[in-house]
Amino acid sequence: MTTQETTTRVHAFTDDALGDLDATGVAERIRTKQISAREAVDAAIARAERLEPQLQAMAYDDFARARDRAADPGDAEFAGVPAAFKDNIRVGGMPMTEGSAAIPAVPQQKDGRVAAQFRATGIIPIGTTTMPEFGWTATTETLTRQTHNPWHLGYSSGGSSGGSAAWVASGVVPIAHGNDGGGSIRIPAAACGLIGLKPTRGRLRLTDGGEAMPVRVVTDSVLARSVRDVAGFYVAAQRNHRNRLLPPIEGVDRPIETKLRVGLLLDSPVGPATDAPTRAATLELAHQLESLGHQVEPYELPVPEFFKSDFVDYWRFLSAVIEAAGPAMFGKGFDKAKLEPLTLGLAAQGRRRLWKAPIYLSRLLATSVASRVAFTRGPDVVLTPVLTHTTPELGYLAADLPAEEHFRRLVDYAGFTPLHNATGGPALSVPAGATEQGLPIGAMLSANHGAESLLLRLALQLEQARPWRRIQD
């Protein structure tokens, strides 16, 4: 197997069973017996082994069981397609450490709810992927390792689903699991030039223990290289479990035909001004939407001034819970002494502000209704950047930074994504441009609760009009 490699960019695309196909294309080749599931899994494993020295995106390998499962892949939509899970859901036979040295690497006894629903689509996980400790930050760096962006190895792959994003972008697997509690799918999708959907709250099965969260900000989803893969995954996942309170997500065999009202917001209502390259890429996407017949107008999100501090306080609250209840949550081997500076710093602030919890929790819960009202009265879709500035170099959000400085940089960087985690509405990251160094820049499309099909069909229209940049080109 050959791997195209330069000083800065790596990928695994080559003439093997996976080729340069997306997950839908691989599934079709398996279904029509052009290749076997075993050949697809073997190709993904070979790609992972070849790129891991550069990417460092694998938490744990499950190669042997993946090969065993490929012998009888079943007949689901993505039967036999190699994939990966992020290291923060329960996968039978695999450790779940949440990217933390404080959690013992003990194999889980069985699949949790999320892994079971994902595997019901037919995917075959070849392992789990890296993440920062507990997913607090927008890069995938810990005290012991850094996951590199395949587009430029000196830069972050985003976070917290950065290991999954690095594998999908580089061609190791065509699709991978991620989850999003403040932008953790959309941010690495933007950094790595992928499609990343944060779905409506309740769209998929809730992660184990997720019902205990006062505000359910975390949703699970996938990162992929094509719009049809994201839509196809949800069509398949709905056969295992469908929330009847939401309209089903449809396949995207055709782009949007309706002319939409698109609200354009270039600067975060809770963060610093957007930098020039990100602003230019988002404006270019706005012009593309106009050329496709959509009406784009400036828009101001009705975000209350206390939202930023409330969301920050909630992150701190969750950190304090993990620090205090770690043994009950993760087993007796949980070692608080091994927690990283950001977790400890957030937890300390969370304890000091615990008295305010009834206020910020109630206000965050109220954002869901406010969001529905805003979309009912406003545009069909809102277009924003994913982030306030371009992807930083590794080390900008290093795990050994003082907690206060790390969190200040993080909050200023992730100025757009947390709102949708609080409201529960859907938001989709799509490729929008590139930096001078060739790093992808993402833009975000958001809509009212349950409107994922609209977002995906709009994204398909953009994809067909101007295909996304490919790392192998």
Going by heavy atoms in the side chains, are [X] and [Y] under 4.5 Å from each other?
| X | Y | answer |
| --- | --- | --- |
| D61 | I126 | no |
| Y155 | T8 | no |
| P95 | V106 | no |
| L346 | V312 | no |
| I124 | F78 | no |
| E463 | W468 | yes |
| V114 | F85 | no |
| L428 | S446 | no |

Any sub-3.5 Å donor-acceptor pair from [X]'s side-chain atoms to [Y]'s backbone N or O?
| X | Y | result |
| --- | --- | --- |
| S170 | H11 | no |
| T274 | T278 | no |
| R216 | R201 | no |
| E141 | G395 | yes |
| D275 | T390 | yes |
| R9 | I471 | yes |
| T140 | G158 | yes |
| T128 | Y60 | yes |
| S221 | L197 | yes |
| E340 | L143 | yes |

Do [X] and [Y] get their side chains close enough for a donor-acceptor pair, meaning under 3.5 Å?
| X | Y | answer |
| --- | --- | --- |
| Q349 | R316 | yes |
| E452 | T200 | yes |
| R186 | H420 | yes |
| D87 | T97 | yes |
| K86 | S161 | yes |

| Can the positive tip of R353 be found less than 6.0 Å from the middle of the six-membered ring of F317, inside 45° of the ring normal? | no
TODO: Determine whether the aromatic ring centres of Y396 and H406 lie less than 6.0 Å apart.
DONE: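 No, the ring centres sit 6.0 Å or more apart.
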Exercise for review: Measure from the ring center of W315 to the ring center of F311 and say whether it is less than 6.0 Å.
Suggested key: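 Aromatic pair counts; centres sit under 6.0 Å.
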Where do [X] and [Y] come nearest, in terms of heavy atoms and distance?
| X | Y | result |
| --- | --- | --- |
| E133 | S100 | OE2-OG, 2.6 Å |
| G438 | W151 | O-CE3, 3.6 Å |
| P174 | A23 | CB-N, 3.5 Å |
| A443 | L383 | CB-CD1, 3.9 Å |
| A189 | I195 | CB-C, 4.2 Å |
| P82 | V26 | CD-CG1, 4.4 Å |

Check step by step if side-chain hydrogen bond (donor to acceptor under 3.5 Å, both in side chains) holds for R90 and Q108.
CA-CA 6 Å; R90 300 188 187 282; Q108 301 295 305; 2.7 Å; yes
Roughly how far, to the nearest 0.5 Å, is the [atom2] atom of [Y] from the [atom1] atom of [X]?
| X | Y | atom1 | atom2 | result |
| --- | --- | --- | --- | --- |
| L301 | D267 | CG | CG | 11.5 Å |
| L364 | F306 | CG | CZ | 9.0 Å |
| R47 | W167 | CZ | CH2 | 12.5 Å |
| L153 | E393 | CG | CD | 12.5 Å |
| N88 | E98 | CG | CD | 5.0 Å |
| D412 | L387 | CG | CG | 12.0 Å |

I'd like to know if [X] and [Y] make a salt bridge, using a cut-off of under 4.0 Å between side-chain N and carboxylate O.
| X | Y | value |
| --- | --- | --- |
| R351 | E323 | yes |
| D62 | R65 | yes |
| D220 | R205 | no |
| R466 | E284 | yes |
| R38 | D42 | yes |

- Task: Please lay out, stage by stage, how T147 and T130 fare under the test side-chain hydrogen bond (donor to acceptor under 3.5 Å, both in side chains).
- Result: CA-CA 7 Å; T147 296; T130 51; 2.7 Å; yes
| field | Criterion side chain to side chain contact (heavy atoms under 4.5 Å, CB included) on L283 and R279, from CA distance to verdict | value | CA-CA 6 Å; L283 277 171; R279 182 181 295 268; 4.2 Å; yes
>> Run T219 and D180 through side-chain hydrogen bond (donor to acceptor under 3.5 Å, both in side chains) and show every step you take.
In response: CA-CA 5 Å; T219 53; D180 192 314; 5.6 Å; no
Check step by step if side chain to side chain contact (heavy atoms under 4.5 Å, CB included) holds for I187 and I185. CA-CA 6 Å; I187 293 169; I185 284 173; over 6 Å; no
Point to revise | CD/E211: more than 12 non-hydrogen atoms of other groups inside 6.0 Å | key: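 Yes, enclosed.
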**OP:** Taking atom NZ of K356 as the centre, report whether more than 12 heavy atoms of other residues, nucleotides or ligands fall under 6.0 Å from it.
**Re:**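 Atom NZ in K356 is packed in, count exceeds 12.
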Test side chain to side chain contact (heavy atoms under 4.5 Å, CB included) on R225 and R470; report intermediate values, then the result.
CA-CA 9 Å; R225 297 191 297 267; R470 305 190 316 165; over 6 Å; no
Mind checking whether H177 and F118 have parallel, tilted or perpendicular rings, split at 30° and 60°?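 Perpendicular, since the angle between the ring planes exceeds 60°.
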*For the residue pair W136 and F134, does the interplanar ring angle fall in the parallel (under 30°), tilted (30 to 60°) or perpendicular (over 60°) class?*
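Tilted: the ring planes of W136 and F134 meet at 30° to 60°.
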Q) S226 and side chain to side chain contact (heavy atoms under 4.5 Å, CB included): which partner among L21, D22, L460? A)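 Considering L21, D22, L460, a side chain to side chain contact (heavy atoms under 4.5 Å, CB included) with S226 is found only for D22.
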What's the verdict on side chain to side chain contact (heavy atoms under 4.5 Å, CB included) for L204 and F233, showing C-alpha distance, side-chain angles and the deciding distance? CA-CA 11 Å; L204 297 178; F233 164 80; 4.0 Å; yes
Verdict with reasoning, R408 to E404, per salt bridge (Lys or Arg N to Asp or Glu O under 4.0 Å): CA-CA 6 Å; R408 182 193 65 77; E404 289 188 9; over 6 Å; no
